[in-house]
Amino acid sequence: MLTTSPRGTQDILPGQSYKFQYVEDTFRDLCRRFGYQEIRTPVFEHTELFQRGVGEATDIVQKEMYTFSDRSNRSLTLKAEGTAPAARAFVEHNMQALTQPIKLFYITPVFRYERPQAGRYRQHEQCGVELFGTLSPQGDAEVIILADSFYRQLGLSHYELFINSVGCPTCRATHGEALRQALGEVLTDLCTDCRARYDRNPMRILDCKNERCQELTVNAPTVRAHLCPECEGHYAQVKQTLSDSSISYKENPRLVRGLDYYTHTAFEFISTGIGAQSAIGGGGRYNGLIETVGGQPTPGVGFGLGVERILLAIEMEGVKIPEPQPLDVFVAALGATASQAGFSLVQKLRRAGLSAEKDLLDRSLKAQLKFAGKLNAKRVIILGEDELTRGIAAVKDMASGEQQEIALADLEQALRK
RNA sequence: GUGGAUAUAGCUCAGGUGGUUAGAGCACCAGAUUGUGGCUCUGGGGGCCGUGGGUUCGAGUCCCAUUAUCCACCCCA
């Protein structure tokens, strides 16, 4: 126990961390181009925020939260998703008083008590954006296009975008009634989960993956069929805007996401071929959320994308992530005097902006060269007593193997080339 | 939370029906080269055989529990 990380967590070692950095850097750059600014919220929040924001009836709140009491008996919960905390910050910092819309992005760990498997962890990294303060269908389209651009920028293409409209509270109530009527007779044949959903949130029955439930509900009324004219118009415009932007999507009238705050547009990006946990991103509009967490009614739309799953997709598609920069120069020294001089030289080169390294284990010259090769050094400066007294150094190009003598005073300039 | 599979060196894996000092490849270290990497050759260091218990004269091997990983369900990213 002492020597293993907790279940569902992982150490991201240097051989992997540069890949996370690459994905995150790509996301930051894209967000900058789309005008989104970073927000960093605490890694834990008052439990109540998720209960109210995400919804008491959701799986996340009912069985997946990491909830604990602190020493003052406050109930706190590790960040279970990114949107509710962002909405809380929006309210707390009075962002409705600022120029609208508010465009935020985040890169954050998310914690959920789930059974781990490929592509599913108890702590994972999410990149997300939240666009607050606009009802425009162009807002929905913008965040979807941002996510799509992100995948494209990373070189992914084996994925599909599914969209749906889950309506507003008004049409959802109408639909719920219609669903209850249609399913009343088969209620006892539905799975236990769906029987519970029947009362609490009948819409989610349509999203059940149980084969039997799918058969029974194949002709059940979808939300689509009960959208009010306003929701219908909004959805049509979102689709139109996506089409105008050459974003291909598929409609899935049964797409209902497992967080209660969604209204109108819901969407998911599904990767093909990374296993059962294939959703590499998802989101939607949440026009009631800000109000739910105590703010003035403010519309919003956003998404969350799973970094680990994106990396799985990158691997599956054979996309190459740029390797870390090779080492500019390795200083190999012979003997104590040269070693001290080499140490100073390394600092000087680093100050000059070069990446420079030196042996710290008193290795033989041969071993130092081998080490330099392993570090992928472009050049090695060889420094012995002989070179020191002559005021020069041997500079070896590791790719060609060629070696030349350069005056110590000219080293920096020579290495810049 | 449910069902199934797996767990041997840093990594990938061998180790018929229980039987002496548990092996290989790669990786690591050193030597062949008294101051020159990659290739080659030689040698070396590394393993509470996931953990705990049981059966047995004897367990890496059989049984039970536990933990972890993987797959499916559920859900999500």
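Order of the sequence lines fixes the chain letters, A, B, ..., with proteins taken first and strands second; residue numbering starts at 1 for each chain. Keep in mind that the numbers below use all heavy atoms, side chains included, and drop hydrogens, waters and symmetry copies.
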Asker: Closest to the A:Glu114 side chain: B:rC29, B:rU36, B:rC75?
Answerer: B:rC75

Asker: Classify the nucleic acid contact of A:Ile280 as base, sugar-phosphate or nothing, counting any heavy atom under 4.0 Å across all strands shown.
Answerer: sugar-phosphate

Asker: Going by purine N1 to pyrimidine N3 plus the second Watson-Crick contact, or the G-U wobble pair, all under 3.5 Å, which nucleotide sits opposite B:rG31?
Answerer: B:rC41

Asker: Starting at the 5' end of RNA chain B and moving along, which residue's nearest nucleotide shows up first, A:Ile274 or A:Glu385?
Answerer: A:Glu385

Asker: Which part of the nucleic acid does A:Glu125 contact within heavy-atom distance under 4.0 Å: base, sugar-phosphate only, or nothing?
Answerer: nothing

Asker: Just call it for A:Phe269: base, sugar-phosphate, or nothing, with non-hydrogen atoms closer than 4.0 Å on any strand.
Answerer: nothing

Asker: Check the side chains of A:His175 and A:Glu177 for a donor-acceptor pair under 3.5 angstrom, ignoring hydrogens and angles.
Answerer: no

Asker: So which nucleotide does B:rU2 pair with, by the Watson-Crick or G-U wobble rule with both distances under 3.5 Å?
Answerer: B:rA72

Asker: Looking for any heavy atom pair under 4.0 Å, which part of the strands does A:Arg257 touch: base, sugar-phosphate only, or nothing?
Answerer: sugar-phosphate

Asker: Closer than 4.0 Å, any side-chain N/O of A:Lys374 to the OP1 or OP2 of B:rC28?
Answerer: yes

Asker: Should the ring pair A:Phe105 and A:Phe27 be called parallel, tilted or perpendicular, given that the plane angle runs from 0 to 90° and is split at 30 and 60?
Answerer: perpendicular

Asker: Could you tell me whether the side chains of A:Asp328 and A:Ser355 share a donor-acceptor contact shorter than 3.5 Å?
Answerer: yes

Asker: Indicate, with a heavy-atom threshold strictly under 4.0 Å, whether A:Ala118 touches base, sugar-phosphate, or nothing.
Answerer: sugar-phosphate

Asker: Between B:rU69 and A:Arg7, is there an OP1 or OP2 to side-chain N/O distance shorter than 4.0 Å?
Answerer: yes

Asker: Look at all strands and tell whether A:Gly8 reaches a base, only sugar-phosphate, or nothing, counting heavy atoms closer than 4.0 Å.
Answerer: sugar-phosphate

Asker: For A:Arg122, which contact category applies under a 4.0 Å heavy-atom criterion: base, sugar-phosphate, or nothing?
Answerer: nothing

Asker: State the pairing partner of B:rU36; accept Watson-Crick or G-U wobble contacts with both distances under 3.5 Å, and report none otherwise.
Answerer: none

Asker: Please determine, by modelled atom types, if A:Thr217 and A:Arg254 share a side-chain donor-acceptor pair under 3.5 angstrom.
Answerer: yes

Asker: Which nucleotide wins on minimum distance to the side chain of A:Arg115, given the candidates B:rA72, B:rU36, B:rU2?
Answerer: B:rU2

Asker: Counting Watson-Crick and G-U wobble pairs only, both distances under 3.5 Å, name the nucleotide matched with B:rC26, or none.
Answerer: B:rG10

Asker: Quick check on RNA chain B: between A:Leu305 and A:Gln117, whose nearest nucleotide comes earlier from the 5' end?
Answerer: A:Gln117

Asker: Taking atom types as modelled and ignoring hydrogens, do the side chains of A:Asp148 and A:Tyr159 form a donor-acceptor contact shorter than 3.5 angstrom?
Answerer: yes

Asker: How long is the line joining CD of A:Gln16 and P of B:rC11, in whole Å?
Answerer: 14 Å

